[in-house]
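In what follows, a structure is listed as structure tokens, so that the remarks can point back to it.
Read the numbers this way: they start at 1 and go in the same order the structure lists the ligands and their atoms. Only heavy atoms go into these numbers, but all of them, side chains included; no hydrogens, no water, no symmetry mates. Given the structure is predicted, the values throughout are model-derived calculations rather than measurements. We count residues from 1, following the sequence as given.
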Amino acid sequence: MALNVKVEKALNEQINKEFWSSYLYLSMANYLADQGFAGASNWMRVQFEEEQFHALRMIDYVNERNGRVILKPIKEVPATWDSLLAVFKSALEHEESITASINTCMDIAMEARDHAAAHFLQWFVNEQVEEEANVTTIVDNLLMVGETGNGVYMIDKELATRVFVAPVITN
Ligand code: OFO
């Protein structure tokens, strides 16, 4: 069954958002590197890779369904934040907005009765739960230790250990 036209449009918009997300996280990585948070910068760089993976997964899906991917320009992203905590709070807000737009894609797929697309999008619905949980944990930890001193040093060290591992897709 051909990809529903409305679903195709929604996925194209979401692909742009995933690339925008990747660009946002790369910008955060650069800001954090400049501020001396090498570990947090690494974490954001891995997040940049995650977002590229999301965009490419959607691109592959649209192509697989004989749809058409049209890449649009990526809007400018912010370049500075007020603090380490502000960066992660803004990442959390961003992920919440992405969750809402993934849910909209799902609504469109369900309204179009495109069950295959809805099944595909379920992976992203689950992924968003994880995305929000990961950032929430970091925000909570930063709030717990305060903005300076040993605690932040330890958190930054922990964030340095993150590496990108492409998710294994089983469905
Ligand atoms: Fe692609 O999940 Fe974040 O934005």
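- For V7 against A112, the heavy-atom pair with the smallest separation is CG2-CB, 4.1 Å.
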Less than 3.5 Å apart, N/O on ligand 1 and N/O on the protein: could you list those pairs with the distances?
residue  : atom  : partner : partner atom : Å
ligand 1 : 2 (O) : E51     : OE1          : 3.2
ligand 1 : 2 (O) : E51     : OE2          : 3.2
ligand 1 : 2 (O) : H54     : ND1          : 3.3
ligand 1 : 2 (O) : E95     : OE1          : 3.3
ligand 1 : 2 (O) : Q128    : OE1          : 2.8
ligand 1 : 2 (O) : E131    : OE2          : 2.9
ligand 1 : 4 (O) : S21     : OG           : 3.1
ligand 1 : 4 (O) : E51     : OE1          : 3.2
ligand 1 : 4 (O) : E51     : OE2          : 2.9
ligand 1 : 4 (O) : E95     : OE1          : 3.3
ligand 1 : 4 (O) : E95     : OE2          : 2.8

Open item on the list: Under the criterion side-chain hydrogen bond (donor to acceptor under 3.5 Å, both in side chains), I'd like the reasoning laid out for Y61 against R65: C-alpha separation, chi angles, the key distance, then a yes or no.
Closed with: CA-CA 6 Å; Y61 184 75; R65 294 283 308 275; 2.7 Å; yes
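- For the pair R57 and E127, the salt-bridge criterion is not met [side-chain N within less than 4.0 Å of a carboxylate O].
- Taking the charged nitrogens against the carboxylate oxygens, K89 and E93 have no contact shorter than 4.0 Å, which rules out a salt bridge.
- Criterion: ILVMFWY side-chain heavy atoms under 4.5 Å apart, direct or through other members. Under it, L71 and V62 are part of a common hydrophobic cluster.
- When side chains are defined from C-beta on, L24 counts as touching P78, because their heavy atoms get closer than 4.5 Å.
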